Structures are given as C-alpha cells and as structure tokens.
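See below for the structure under consideration.
Note that the structure is predicted; figures quoted are calculated from it, not measured.
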Amino acid sequence: MATPVTPPRGMRDFLPADKASREHALAVIRRSFAAHGFDEIETPVMEDAARLHSGLGGDNEKLAFAVMKRGLKPADAAAAAESGDLLALADLGLRFDLTVPLARFYATHRAELPTVFRAIQIAPVWRAERPQKGRYRQFVQCDIDIIGESGLLAEIELITATAAALDALGLTGCSIRINDRRILTTLLAHWKVAPELNERALIVIDKLDKIGVDGVVAELGGLGISTADVAETLNGIADAGWNAADSAPPVWLDTDAYADLLALRAAMPGVRLVFDPTLVRGMGYYTGTIFEISHPDLGYSLGGGGRYDGMIGRFLGTDVPACGFSIGFERIVDLLGADAASSENAVVLVYEKGTDSAQLVALKQTLVEQGLRVRLEQRTKNVKALLERAAGAGYGRYAFVGNGAPGEADLEFRSLGG
RNA sequence: GUGGGUAUAGCUCAGCUGGUAGAGCAUCCGGUUGUGGUCCGGAAGGCCGCGGGUUCAAGCCCCGUUACUCACCCCA
C-alpha cells in the first residue's frame, strides 16, 4: 500500500452497514434491560491509575492502557527508570471493564441512589491484548449490575434480564453455565490446597472440558497438588449436573451453595441453566455465584458475571453486596451477522448529470416532508452497482429523475429487492 | 507473553523452474439502451509491506523487520 492507514491494532472502523446493525442490536439490548427495571448510567472512559491497579481487576490490570501524566520532564522518566516503576509516570488509565468504574461510581453517588440500585452500562472498554477472532483491544460491554441486594433475587433479575436480551436479539442455542465460588473454595479445601495456589489451581480446573481429567491431574500435580482422590473427585465433577446431590452429596460439594443454585434454577424455568462445577472465571473479586453465557458454535464465552460482595467495600469502607452480568457485545454482533433490513420508506433518487440542483433539492424536500428518507445519487454508467450499494445501505425503493422539470408526479418508484 | 500463516491495482486474488506487472469487480471516458439495474469498446490506476543479501537479472530465493491474521495463554 502506498499509505498504511489502518486503525490502531485491535481497534476497528465501522462501515455504515456494520454501524447500523450494531446500533440495532444495542437498541434491542437497552430496551430489554430497561424493561426489567434497570437504569442506564455513564462514567468516564478513564479512571485514576491507582484505582485501576488496586488489585480488583485481576489479570486485566496488566492489560490496562496507561495515560502518562501531563508535563513530564526527562528527570521524571529517569527517576521512574531508576526505581523500576514505570507506572509512576501514569496517573490515569483507560478502563478495562465496567465493574471497577461502577464500584467507584456507587461510592461517589451512594446518597443519591436507591437502596437497591439496578444499573445499566453500555460502553467501550480497552485491553492491550493480542487481538484474534472474537478478541479486540477496544470492545463494547453491556453490563447490568444490582448493588445492595444480598439475596438470590439479584441473581434472578440479572439472569432473567440477560436471557431476555439474548432472546430479543434472536440468538438461539445459548445456555448459561452457573457455579458458585464457595463450591470451588470447598473443593480446594478438600484437597488441602495452599491458599497461595488457589488462583492457579482454579485456572487448571477451568480447563477440565478442554484437557480432560488426566490433563488436569497432571497440571495439578505440577503445582504440587496430588491428594489421593484428585482423579476420582475430578471424574465426579466432570459428570456432575443438576443431579449432583440427588443421592448422598459428594464430599467436595458445598451443599449450601448448591442449594442456592437449585433455588435459582427453580425460579427460572424458562432459562437454560447448566450447573458446571468447573466454571471458574478469572476475576478474583467474585465471592459467590458466577455465571457465563455459552454458545455451542464458539470456544469462548459471550458474556459472564457473578457476585462480588467485597468490592464496593474497598471504595466505601462498609461492605455492600453486589452482583453483575456482562454481555460481550462484539461477540454477539459477530454472531448475528448483518441484517440488511431495507425499508420501503428509504428511497434513492437517481438523477442525470447536469440536473438542476435547486430542482433536485426541492423534490427531495417534498419527499422528506412526507416522512421518507431520501438519498440523491448521480447516475453512473453502470447503475447496477449504484443500486446494489444503496440496497445494502438499507434503501428499499428507487426512482429515476427525468431531465427537464422533475416533479414528484413524474417519479416511478421501483423496489430494490433485486 | 508463545507459535503458525499471509502481505502484488480502491476491493478479491492470479503470477510457472528467477527473465518487460496480470485478471475480475469498482472508478472514469466513448458508444449502446432511452423510463433505463443491459451490452460493446477504451482509459486510468502498482516503491509487488519495508530494509538488506544472493544473482547478469528478484514479485519469486535467503536474512531481518513491520503490519495483518489464526491458534495458545488468558479473556467479553
């Protein structure tokens, strides 16, 4: 190429057709969430660097884009190099999720918010990852969160609203896998895993469906976890479903947490809930229920969430229960594909070169006032390409504007169907 | 962070064993059509990603580099 003009790595431009289908999907999601009693808020794209790196973002913290302080001097850079703390040069960063900003938002505005606050956030986040299919460095998340509700009603409202949104989008085949951090904690305790190994052990367990029982046993062994019944327990976990405790519950199962999951399932008969004791989720801040949207065609999740009762307390001082669910908007849109919803109310007027502009605009204005969407296009040699582009942009009808004195009465509209 | 693939016209891609840079579509022009989505002809459009090397000669072979892409890790 003569001039390499591409957007930043992992970030994208959207052509009119893409933009239209994105906006359509966003409108559907907004409507679903709002119908379930959630209110939309907005926060800045940046937060204080210290807040982003407070340990609540898990591994995502390492992927945060940092923003350098304004007015840095060479001496500052030298000092940072000296100390080895390059992040000292940054005081702000782009948010890598919507949960940390929400916790900050709630701490700031608690007095103005209802006791139980149901929030919608639909906004881009940034992560400095290596892009690939279904993974971008700027992407939109659609979050709903309930703050101040410690009971299962929070989970129920979140999952119900999310399932409704997926349904309204026409997405079929999705299921929601569900688990509870307490079940994982009990399992690790049963194996007498040292607390500092918990996170790494959980990541290994998460891979059970990919690498199988033998693979997990091997990797756990590598971490020094080799209690006698590891393989036996894993076999039980691999087979576990909603019948896990039909007879005597297995020793690794936290029965209180499992009872909660059964209650959730009973409360939402219309939602395809799958109990998956290997579901982990990377965020360290989850304390209870965790869930993830799965689709049979994809190796990655379409969204996820869970309960994070300890997080708000980090900003506020007093603990406030919270639970959230996030839809990965980009992955949903990729799945939906383009819906070229053409409209009969959108028309193209094809005019000959040299047609009087004033007459064209007057004609256009007449049609606009009738409620039509009107685009003017000068006739090209090959009209076919022009009309196909217009059809792709959502225009449903076209008419040729004759030379001479074009008037509305002279227009003969034809369908752009083909 | 680790590994694979790709890079040629605005777009999609050919280019043989190293020997003058190609097609389709899109664009522009001429004609045809003349209530028109047809057809014919022509033109324009290229640092063959970038840098080095081998060679009489490199789009092609070698080394490096950058970008894109797919997968792993992790994630939405």
Side-chain angles (χ1 to χ4, degrees), chain A residues 1-12 15 29 57-64 95-99 121-144 162 166 174 199-200 202-204 206-207 210-211 215 219 279-284 290-295 298-306 324-335 348-353 377-392 395 397-404 406 409-418:
Chain A
M1 304 303 129
T3 49
V5 278
T6 53
R9 170 197 282 268
M11 306 186 186
R12 297 166 296 164
L15 290 163
I29 293 170
D59 278 354
N60 288 336
E61 288 190 9
K62 295 201 278 278
L63 303 172
R95 62 182 173 217
F96 47 75
D97 71 10
L98 297 176
T99 307
Q121 291 184 92
I122 297 179
V125 303
W126 291 265
R127 292 180 196 170
E129 296 188 274
R130 187 111 153 210
Q132 66 185 67
K133 191 179 183 66
R135 161 175 302 180
Y136 308 97
R137 306 222 297 184
Q138 172 180 323
F139 58 99
V140 169
Q141 289 191 313
C142 305
D143 275 35
I144 42 176
T162 300
L166 295 175
C174 289
E199 285 294 316
R200 290 168 67 190
L202 288 177
I203 288 171
V204 174
D206 193 27
K207 292 194 277 189
K210 283 184 190 167
I211 63 178
E219 290 203 22
L279 177 66
V280 171
R281 296 195 52 75
M283 302 295 107
I290 47 181
F291 24 81
E292 213 165 84
I293 307 169
S294 288
H295 190 276
L298 300 173
Y300 43 75
S301 76
L302 291 174
F325 206 153
S326 172
I327 293 180
F329 180 69
E330 314 298 341
R331 295 178 172 180
I332 300 274
V333 167
D334 287 353
L335 210 55
V348 181
L349 298 182
V350 183
Y351 62 93
E352 297 292 341
K353 188 174 183 176
E377 292 277 10
Q378 180 176 299
R379 188 184 202 281
T380 53
K381 196 77 185 172
N382 186 353
V383 189
K384 189 175 181 178
L386 186 157
L387 294 178
E388 279 176 358
R389 263 198 303 275
Y395 288 83
R397 291 186 299 160
Y398 75 99
F400 287 95
V401 179
N403 261 328
D410 303 321
L411 295 176
E412 187 178 321
F413 284 107
R414 297 172 180 227
S415 172
L416 271 171

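A:Y136 places its OH atom 9 Å from the P atom of B:U69, with the value rounded to the nearest Å. Summarising the geometry, the separation between CD on A:E412 and P on B:G37 is reported as 12 Å, rounded to the nearest angstrom. One interatomic measurement links the two molecules: CD of A:E61 to P of B:C75, which rounds to 13 Å at whole-angstrom precision. Here the C1' atom of nucleotide B:U35 and the CZ atom of A:R414 are 6 Å apart, to the nearest Å. At whole-Å resolution of the value, NZ in A:K384 and P in B:G37 are 10 Å apart. We find that CZ of A:R135 is positioned 8 Å from C1' of B:C73, with the value rounded to whole Å. The separation between A:E352 atom CD and B:U35 atom P is 12 Å, rounded to whole Å. Rounded to a whole Å, the CG atom of A:L298 is 17 Å from the P atom of B:C75.
Tested against A:L387, the residues A:N382, A:V350, A:T380 include a single side-chain contact (heavy atoms from CB on, under 4.5 Å) partner, A:V350.
Counting distance only, with no hydrogens placed and no angle test, the side-chain atoms of A:R379 and the base atoms of B:G37 include no donor-acceptor pair under 3.5 Å. On a pure distance criterion of 3.5 Å, a polar donor-acceptor pair joins the side chain of A:R331 and the base of B:C75.
Among the atoms of the strands shown, only primed sugar atoms or phosphate atoms (P, OP1, OP2) are found under 4.0 Å from some heavy atom of A:L302. Counting non-hydrogen atoms under 4.0 angstrom, A:R9 reaches the backbone sugars and phosphates but no base. If you check every strand for non-hydrogen atoms under 4.0 Å, A:E129 touches a base. Contact annotation for A:I203: backbone-only contact, meaning every heavy-atom pair under 4.0 Å involves sugar-phosphate atoms and none involves a base. Contacts of A:Q141 with the nucleic acid, taken as non-hydrogen atoms under 4.0 Å apart, involve only primed sugar atoms and P, OP1 or OP2. Within 4.0 Å of A:F329, counting heavy atoms only, lies no atom of the nucleic acid at all.
Closest to the A:E330 side chain, of the nucleotides B:A76, B:G37, B:A26, is B:A76. When distances are taken from the side chain of A:K353 to each of B:G37, B:A76, B:C29, the shortest belongs to B:C29. The A:Q132 side chain lies nearest to B:A71 when the options are B:A71, B:U27, B:G37. Among the nucleotides B:A67, B:G31, B:A76, the one closest to any side-chain atom of A:K381 is B:G31. The side chain of A:K207 lies closest to B:C73, out of B:G37, B:A76, B:C73. Side-chain atoms of A:N382 lie closest to B:U27 of the nucleotides B:A76, B:U27, B:C73. The listed nucleotides are B:C28, B:C70, B:A76; the one nearest the side chain of A:T380 is B:C28.
Summarising the base pairing, B:A9 is matched to no nucleotide, lacking a Watson-Crick or G-U wobble pair whose two defining distances lie under 3.5 Å. Base pairing of B:C72: its partner is B:G1, meeting the Watson-Crick or G-U wobble criterion (both donor-acceptor distances under 3.5 Å). B:G64: Watson-Crick or G-U partner is B:C50, with both key distances under 3.5 Å. Of all nucleotides present, none satisfies the Watson-Crick or G-U wobble test against B:G59 with each distance under 3.5 Å. B:U27 and B:A43 make up a base pair, with Watson-Crick or G-U wobble contacts both under 3.5 Å.
Residue A:N60 places no side-chain N or O under 4.0 Å from the OP1 or OP2 atom of B:C75. Taking 4.0 angstrom as the limit, A:R130 places none of its side-chain polar atoms (N or O) nearer than this to OP1 or OP2 of B:C73.
Under the stacking criterion of a centre-to-centre distance below 5.5 angstrom and an interplanar angle below 30°, A:Y300 is not stacked against the six-membered ring of B:A76.
For the P atom pair drawn from B:A26 and B:C74, the interatomic distance equals 48 Å after rounding to whole Å. B:U17 and B:C25: their P atoms are spaced 29 Å apart (whole Å). A distance of about 25 Å separates the P atoms of B:G64 and B:C70, rounded to the whole Å. With C1' as the reference atom, B:C13 and B:C29 are 27 Å apart, rounded to whole Å. Distance noted for atom C1' between B:G5 and B:A43: 38 Å (whole Å). Taking atom C1' in both B:C62 and B:U69, one finds a spacing of 24 Å when rounded to whole Å. Using atom C1' as the reference point in both B:U8 and B:C68, the two lie 15 Å apart (nearest Å). To the nearest whole angstrom, the two C1' atoms, one in B:C50 and one in B:U6, are 16 Å apart.
Note: A:S301 OG to A:L279 CG = 9.0 Å, rounded to the nearest 0.5 Å. Separation of atoms SG (A:C174) and CG (A:L335) is listed at 7.0 Å; rounding is to 0.5 Å. Rounding to the nearest 0.5 Å places CZ of A:R12 at 10.5 Å from CZ of A:F139. In this structure, A:Y398 OH and A:R414 CZ are separated by 5.0 Å, a value rounded to the nearest 0.5 Å.
Under a cutoff of 6.0 Å and an axis angle of 45°, A:R331 and A:Y300 form a cation-pi pair.
Its glycosidic angle being more than 90° from 0, B:G52 falls on the anti side.
Across every non-hydrogen atom of A:P131 and A:G10, the tightest pair is CG-CA, 3.7 Å.
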